[in-house]
Structures are given as C-alpha cells and as structure tokens.
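Residue numbers start from 1 in every chain, and the chains themselves are labelled A, B, ... in the order their sequence lines are given, proteins ahead of strands.
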Protein chains: 2
Amino acid sequence: MAQLRVRTEPLNRHLRAAPQLFERLRERIIALDLLPGMPLSRVELMDEFGTSVTPIRDALQRLADEGLVEIFPQHATVVSRIDLAHAAQTQFLRRSIELEVVTTLVRVADEETFGQLHTILTQHRAALNDLAAFKRLDMRFHQAMYEAAGVPDLWALVRSRSGHIDRLRALHLPIAGKAKAILRDHGRILEALEARNAAAAQRAVHEHLSGTLTQVAAIAKRHPDYVRES
Amino acid sequence: MAQLRVRTEPLNRHLRAAPQLFERLRERIIALDLLPGMPLSRVELMDEFGTSVTPIRDALQRLADEGLVEIFPQHATVVSRIDLAHAAQTQFLRRSIELEVVTTLVRVADEETFGQLHTILTQHRAALNDLAAFKRLDMRFHQAMYEAAGVPDLWALVRSRSGHIDRLRALHLPIAGKAKAILRDHGRILEALEARNAAAAQRAVHEHLSGTLTQVAAIAKRHPDYVRES
DNA sequence: GGCCGTGCACTAATGCATTAGCGTTCCAAA
DNA sequence: TTTGGAACGCTAATGCATTAGTGCACGGCC
C-alpha cells in the first residue's frame, strides 16, 4: 500500500528518541492525521523513524498514559476513540483549577503580573487573523495566570490531559465570533482581577470555560466512529 | 554488605511485571523504606525481583513521571528528595477540585449518594483505633464524592500526584486529635451537602484541606537531607 | 621539592538494538 | 458449529553503544 505521507523529518540523533517520538505521534493524533481506531504498527513506525522497538514502545506507553492510544497486550495498539467522559472530566479539572487561580490572583497579583497579562492580551488582539499565533497567545494567557498563582505545573498537567478535548476541537465547525468571544472573556477576567473582585473573576472564568463542549452531541452524531461508545 | 530486608515476596508471574514493580517500589518510597537520595540499582532490583531490566526500566520510568525518582541518563537513578513546591501545587490541585466537587454535589447529589457517604462516615468513626482502616475510609469518603460528582478519574489523578505529600505525612509527628478533626470535617461537609448549602460546604472543604502542610517548615528543618533545596 | 591543575582512561549506569517467547485473534477445515 | 493451527504483535531477555563521573598520572608552577 502506498504511503500517502510525503516524508518524515528524521529524528535528532543527539536527543533521546522516545520523547521525540512521543511528541510527533501526539501531534499527529491530535491533528487527526492519525484517526481514532487506526492501528499503530510498530514495524511501520520502526521503518518510518529509523529506530528500534524500544523507544517506540516507550512513546506508545506514554501516549497510553494520556489516553491517546490503547494498548491491548499481546494483540495490538490502536489510536483511541475520543472519550467524552474523559474530556468532560478534564474540562471540570481545568475549570476547578482556574477558579482557584483567579481567586488566588485577586489576593496576590502585583503590577508586574497585570503588566504581563496586558501585554499578552494586546498581542492576542493583534493576532485575530493569524490562527496559529492566536491559539498560542490564548494558551499563554492562561499559562501566565497559572504561573503568577504559583502553580505552573498544573498548567502542564491540564495540557497533558487535553488530548481528547483537542481532538474534539479539531472536529468543531468554525464558530463565527469565537475568537472575539475569547478576547472579550480574557479582557473581563483581567478587569476583574485588577478590580480585586473575586466573584466577578470567577464568573468570567466560568463563562469562558463553559462553552467549549457544547457541540459535543452534534460532533458525536456526525462522527460516530471517532467517539467511544459507552 | 548484608541486606537488611528479610525477604521479598516474589512477583505474580501471570501478571505484567512492570506494574507490579511500580506498585512495590512506590509503596516503599512513600513508606520511606527507600529514603530520598538513595540510588536504585537496576542490577540489584533484577536480583531481588528475579526479572530482567526491561520491566524494571518501565517501572522506574513511571516513578519518574510521578516525581518519585530522578533518572540521570548514563549516570544513576535515585529516589527523589521531597519537593515542597510539587507538594504545595498538588494540595492546590486537590483543594480546587474538591471545592468544585462539593459545589456540584449540592446541585446533583441524591439520597443514594448521601446514604453512601453516611455509611462510610459511620464505618470511619468506628475505625478510630485502627490506623490502616481509618486511612482507607478517609480516602474512600473523598473518592465517593468524586464519583458522585461524575469525576472518578480526577481522584485517581490526585492520588497519582500525592507521592511527595504522602512522604511528608510519613514524617509528621502524630498530632493529637487529628483523627477526630478529620471525622468532624467530614461530618460538616456531608451536613452542608444535605442542607444544599454550597457556601458552607466550600468552607468545610477549605478548612479540611488547609491544615495538611502546616508542619512543613519544621519537617524541612528536622530532615534537611530528605527535602529538595530549591 | 611539594602542590595544584589539567587531561586521559576506566568504571558504571542508562538508552537503544536485537532476539526469544508467548498469548490473542482469526480463519479454515471437519 | 466447533476446533485446531498459523500469523500477528506485545512483553521480556540479552547484548551493545553511549556518556557522565571518578581517580590517577603527568606536567607546570610556586
């Protein structure tokens, strides 16, 4: 069978192979380049990346930890179907943390923090037409809040569990005005923080993080084979 | 050098070796049977458990993911020192989630949930003098709340990050009245839930989860070599 | 002549490659 | 329909390559 993939960038031989494989595969799965249900053949991956099975095994194990692949011992490894329960729990997790983050920031944030957030928000507004930059700055705004609240690791934790949600986003229809809504929400959060108004900040976070999973039912109906029946 | 360990229970040969090794080592590290800074030799572990290096490598990798060991490539693998920043962030994580859990339960909990929690609390009170059972029922109370709120995976997540906190607890001096305070807090939480009083439930959770890290400074001073300088 | 610094070689431990072993699945034949 | 066998692919074992750390020796300097 002819490989449709144009070519695979070779791995950096001076770095550990397993983490690089993990990142490459994770990106492909989240971009739906590797589709849910697709089997991952170790020998194919060996050929493609020019390594042996050990680093591939390590990478697949870590992907399994994040729920992006399922390993059936002595049988097969396949890209996992999108787990709506997992996505919902991750969303719950993120909301929980960010509510506490803004509550903390209302107490402890200083002018430097506010300056950072304003800088990011300004760049973010300017990137309205650059999708990649827009996403990056969206994440950086949240990351900056986690760091200022003293919990940078929890941002990494949320990111590491976001695989299923990211795949749902990749299936989203583009929503008119979504980007502007994000900018508006970030503005409201920052405004409430500067006003030292915890209740308003929590309301803004709650609103910001509640809309994400609304299209889930429609997506599940449109792509039943990508979603875990349960 | 003579091994002080009496004997090592052999692994179950019908199950995967790596997960069993992971659990065994995790328990020993958390019980401070393996002390922070102690090197973990793969050949010693091979001898002790009668496996080859592959499952040992897998187990150590997972322990490194949870922060319980540090792997220095081409050099050594050692039991990690207790990371106070990691512990604090995990406590933040747990508090965030449980505040949202009780907020959710105030809305959605039914009589069956309340019945479960009452049953656990009753058993918990009866186990005041059985330390192991007391700890188990403490955890089960929280676990039951997570499950009733629809986020069972988040309980597992919190547990998987609790290694550093658990080791701090193992260094705690026994605090007089600690057990009764736990029972009192659980009672208050359940009471607030049944009254459908979100604010009271949040206050009770906050109080319940804030006392844990108070002795940290004293512990760090008493065991400077067990704690990560940072 | 003694001491300090540099460099090389040896040791040890991890990452990776290779191979053996074994369980599961699927298909075909009775 | 049931059973047996073959293929597939994951786990585990073994061996090799790579690299960080250590100690000793040599040379230069005080």
To the nearest angstrom, how far is [X] atom [atom1] from [N] atom [atom2]?
X	N	atom1	atom2	answer
A/R16	C/dC16	CZ	C1'	10 Å
A/I56	D/dC10	CD1	P	10 Å
A/E70	C/dT24	CD	C1'	16 Å
B/D58	C/dT14	CG	C1'	14 Å
A/L11	C/dC16	CG	P	10 Å
B/Q61	C/dA13	CD	C1'	15 Å
B/L15	D/dA12	CG	P	10 Å
B/L60	C/dG15	CG	C1'	13 Å

Inset, instruction - Answer yes if the side chains of A/R167 and A/S80 hold a donor-acceptor pair under 3.5 Å, and no otherwise. - result: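 Result is yes, a qualifying pair exists.
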Legend entry - Touch class at under 4.0 angstrom, heavy-atom based, for A/V53 against every strand present: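 Contact class for A/V53: base.
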Inset, instruction - Check every strand shown and say whether A/S41 touches a base, only sugar-phosphate, or nothing at a heavy-atom separation below 4.0 Å. - result: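 It contacts nothing in the nucleic acid.
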Legend entry - Stepwise salt bridge (Lys or Arg N to Asp or Glu O under 4.0 Å) test for A/D138 and A/K135: CA-CA 5 Å; A/D138 185 355; A/K135 281 186 180 175; over 6 Å; no
[X] side chain to [Y] backbone, donor-acceptor under 3.5 Å:
X	Y	result
A/H164	A/A87	no
B/R95	B/H206	no
A/Q20	A/L11	no

Legend entry - Earlier contact from the 5' end, DNA chain C, for A/H75 and A/R13: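 So the residue in question is A/R13.
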Legend entry - Most 5' of A/A17 and B/A76 on DNA chain C, judged by nearest nucleotide: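 That would be B/A76.
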Give a yes/no answer on whether the side chain of [X] brings an N or O atom under 4.0 Å of OP1 or OP2 in [N].
X	N	result
A/R42	D/dT11	yes
A/R57	D/dT11	yes
A/T77	D/dC10	yes

Given [options], the nucleotide with the shortest approach to the side chain of [X]:
X	options	value
B/I71	C/dT14, D/dA13, D/dC10	C/dT14
B/T51	C/dC16, C/dG15, D/dA13	D/dA13
A/A18	C/dG15, C/dC16, D/dA13	C/dC16
A/Q74	D/dC10, D/dA12, D/dG21	D/dC10

Inset, instruction - Indicate yes or no: does A/E48 engage A/R24 in a salt bridge with an N to O separation below 4.0 Å. - result: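 Salt bridge flag = no for A/R24 with A/E48.
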Inset, instruction - Confirm from the modelled atom types if B/S52 and D/dA12 form a donor-acceptor pair under 3.5 Å, side chain to base only. - result: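 It does not, because no donor-acceptor pair links the side chain of B/S52 to the base of D/dA12 below 3.5 Å.
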Inset, instruction - Could you pick out which residue, B/P73 or A/V43, lies toward the 5' side of DNA chain D when each is mapped onto its nearest nucleotide? - result: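 Counting from the 5' end, the first nearest nucleotide belongs to A/V43.
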